[in-house]
2 protein chains.
Amino acid sequence: MAATMKDIARRTGLGLATISSYFNGGNVREKNRIKIEEAIEELHYEVNEVARGLKTNATKTVGVVIPELNNVFCAEIISGMEDILRSHGYAAIVCDCRTDKKLEKEAVDFLTRKRVDGIINMPVDMTGAHLNEFQKTGKPIVLIDRMIQGISCDCVLVDNVNAAEKAVGMLVEQQHQKIGLIGGPDEVFTARQRMLGYMKALKDHGIAVDEKLICHGDYTIQGGVQAVEELVKENPDMTAVFVTNYEMTMGAVIGLNEMGVSMPEEISLVGFDNLPFARACRPALTIVSQPTEKIARETAQIMLERLEGREELPDHIVRKLQTDIFMGKSIRRQG
Amino acid sequence: MAATMKDIARRTGLGLATISSYFNGGNVREKNRIKIEEAIEELHYEVNEVARGLKTNATKTVGVVIPELNNVFCAEIISGMEDILRSHGYAAIVCDCRTDKKLEKEAVDFLTRKRVDGIINMPVDMTGAHLNEFQKTGKPIVLIDRMIQGISCDCVLVDNVNAAEKAVGMLVEQQHQKIGLIGGPDEVFTARQRMLGYMKALKDHGIAVDEKLICHGDYTIQGGVQAVEELVKENPDMTAVFVTNYEMTMGAVIGLNEMGVSMPEEISLVGFDNLPFARACRPALTIVSQPTEKIARETAQIMLERLEGREELPDHIVRKLQTDIFMGKSIRRQG
DNA sequence: TTGAAAGCGCTAACAT
DNA sequence: ATGTTAGCGCTTTCAA
């Protein structure tokens with residue numbers, strides 16, 4: 001069995017409170033401090049965070065619930081957050097719910113039982129039902145990427161309407177008129193926002209929205225392949241496509257590739273996310289690039305402030321970040 | 001505050017042991033079971049796993065320490081493992097150590113304090129020093145992808161020598177002789193294995209190993225870019241390259257792209273990992289494909305057996321999995 | 001500064 | 001089948 005504080009107390013002849021005080025930054029006489037440190041060394045003592053958590057009602061652990069770890073956008077954000085959280089002594093329990101509402105609810109309940117100090121969630125269930133019970137604990141929730149109407153909590157978002165607008169605007173500037181959209185599932189917040197931006201850009205330039213040019217993918221690679229195939233088949237006059245997430249962008253490139261449709265000669269393309277992939281394509285892809293680093297940092301910081309912050313914070317913080325465009329060579333000037 | 005078992009006891013008029021028994025599958029009279037369930041419902045009771053963990057000395061949590069979450073190979077494996085672990089009631093605390101030995105040691109100590117029931121590790125420090133203390137707890141360790149000499153524990157590996165041999169063999173069959181290697185850091189186990197396979201393949205076909213054709217990258221995208229640029233510059237007679245991980249494969253494709261070197265006309269290429277990326281390239285890449293799903297499953301299963309298994313297991317299980325080749329069009333027949 | 005003791009929420013003997 | 005009780009390892013009053 002691992003050594004306990006009791007063992008240290010016995011070995012040093014000191015009381016439990018003194019040892020505890022030592023670990024919690026209290027004042028301990030110099031010679032006792034030395035005795036304690038020797039005992040720790042010899043016994044290989046490591047604080048038992050479980051016991052501490054039970055007593056203090058704080059586990060120094062935050063739960064992270066996301067739709068797919070196996071999705072570069074999510075992985076990058078988690079990687080960044082975990083780094084910051086751990087450097088502040090917090091562990092991250094990551095739960096991948098496979099874009100499944102039932103699993104998402106289960107994950108939140110699971111984390112509730114684990115008594116995590118807070119939850120960071122990129123929500124799948126847009127009703128927020130999965131968070132209701134947890135919210136009653138009064139512990140902080142930070143939502144990433146997608147807002148939920150009914151839930152009042154902090155939120156780190158990306159300005160997706162603007163992102164899509166800029167992307168489609170660039171195509172229009174190059175004289176494209178028949179611009180296809182490979183959108184995401186209609187129930188996903190970001191997908192709706194990006195669709196909105198697409199429509200806004202068209203309308204602002206006096207181009208009519210054509211339903212036939214809009215295709216709802218499912219944010220997966222295979223979905224992107226299918227969508228682009230469908231779009232190309234159904235719209236011989238289409239000259240450009242805007243793809244609204246990374247996986248589908250990759251899928252669209254695969255699809256064009258395998259159909260033998262040349263880019264940008266036959267079809268111009270603006271994709272989403274993942275700079276390295278954009279650079280690896282031939283020709284390099286023009287893409288919307290999301291600030292994953294910044295999302296990670298903001299989210300972790302807000303969570304840490306809620307957990308540790310002394311000063312009063314506003315009721316719920318909403319941060320909206322802007323995207324960049326990486327200019328590749330996948331857009332051809334039309335006409 | 002959250003409801004406790006005491007609250008349920010009070011509300012139902014039953015004793016603590018009965019409630020505990022209810023939660024742990026003991027026998028409880030039907031009418032009491034109903035009373036308990038009503039109380040749970042009304043009080044929104046959720047078991048406190050922290051308290052349970054303190055008592056049972058088992059946290060139902062496993063630690064996962066990896067070099068980079070932001071690396072598709074790692075992300076895929078974690079995603080798969082987490083799924084299986086959670087479906088068995090285990091949480092996964094993921095620690096990304098950024099390929100830093102110091103951070104890796106810190107992560108393991110951190111997890112030790114958190115009293116995780118076991119650790120899954122894709123090791124960075126090949127001396128295994130970071131695991132010594134944890135191993136003294138007697139709790140299970142499962143290593144992924146890289147074996148450590150000094151540490152006796154379970155291990156799920158990929159047959160990387162064979163993988164590289166097959167890959168290089170394919171190039172030789174197409175009459176390539178001057179085959180470049182973009183290898184990984186020399187201190188990484190898999191990198192050495194892949195290098196071994198490369199050499200073995202050349203020797204078996206009577207081709208002399210040329211140091212100038214070997215380049216050590218760092219397993220990153222940017223490293224791949226640099227490596228391919230160097231190799232192409234230094235070796236005008238080189239006709240093919242074998243790249244030994246996904247990030248560098250992407251980097252190599254970017255490099256060729258940006259140098260304007262055509263593939264496979266000027267340079268044939270065999271890459272590593274990530275089927276979708278291979279398909280998205282033009283032309284599609286021929287790659288070595290690692291069984292990430294299977295690695296995840298095997299690892300999680302071994303861990304679960306160590307944690308729950310009644311039957312006696314061998315001292316340390318070593319599983320070695322085979323790779324596949326995905327045939328793209330990035331190899332040109334030479335001469 | 002240090003020690004004694006209570007208690008966080010749960011499980012597991014043991015007794016009934 | 002159910003109740004009583006001790007104790008997991010820690011923090012935190014309260015006294016000394």
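All values below come from the heavy atoms of this structure, side chains included, with hydrogens, waters and symmetry mates left out. Below, chains carry the letters A, B, ... as their sequence lines are ordered, and counting in each starts from 1.
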- Item | salt bridge (Lys or Arg N to Asp or Glu O under 4.0 Å) partners for Arg297(B), two or more places apart | none
- Of all heavy-atom pairs linking Thr12(A) and Lys35(A), the shortest is O-NZ, 3.4 Å
- With sequence neighbours excluded, what pairs up with Tyr22(B) under the ring pair (Phe, Tyr, Trp, His ring centres under 6.0 Å) test? none
- Rounded to 10°, the angle between the first-five-pair and last-five-pair axes of the helix from dT1(C)-dA16(D) to dT16(C)-dA1(D) is 30°
- Item | Contact residues, residues 30-40 of chain B to DNA chain C [heavy atom, < 4.0 Å] | none
- Tell me, please, which residues at least two apart from Ala51(A) pass side chain to side chain contact (heavy atoms under 4.5 Å, CB included). Asn48(A), Leu54(B)
- Taking 5' to 3' order, which nucleotide of DNA chain D is first and which is last to have an atom within less than 4.0 Å of a heavy atom in chain B? dA1(D) to dG9(D)
- Give Val50(B) one of three labels, base, sugar-phosphate or nothing, depending on what nucleic acid heavy atoms sit under 4.0 Å from its own. nothing
- Message: By the salt bridge (charged side-chain N to carboxylate O under 4.0 Å, His left out) test, which pairs, at least two apart or in different chains, include something from residues 122-140 of chain B?
- Response: Glu133(B)-Lys136(B)
- Item | Pairs meeting criterion ring-ring contact (aromatic ring centres under 6.0 Å, His included) with involvement of residues 126-146 of chain A, two or more places apart | none
- Would you name the heavy atoms of Glu104(A) and Val124(A) that are closest together and state the gap between them? OE2-N, 2.8 Å
- Quick one: list whatever passes side chain to side chain contact (heavy atoms under 4.5 Å, CB included) with Thr299(B), sequence neighbours left out. Met81(B), Ile120(B), Val142(B), Ile144(B), Val156(B), Ile295(B)
- Considering all heavy atoms of both residues, which atom of Tyr219(A) and which atom of Gly184(A) are nearest to each other, and what is their separation? CE1-CA, 3.5 Å
- Task: Classify every nucleotide of nucleotides 8-16 of chain C by which part a protein heavy atom approaches to under 4.0 Å, writing B for the base, S for the sugar-phosphate alone and - for neither, in 5'-to-3' order.
- Result: BBBBBB---
- Query: Considering residues, nucleotides and ligands other than Glu293(B), do more than 12 of their heavy atoms fall under 6.0 Å from its CD?
  - Reply: no
- Item | Under the salt bridge (Lys or Arg N to Asp or Glu O under 4.0 Å) test, residues paired with Glu82(A) that sit two or more places apart | Arg86(A)
- Item | Under the ring pair (Phe, Tyr, Trp, His ring centres under 6.0 Å) test, residues paired with Phe189(A) that sit two or more places apart | none
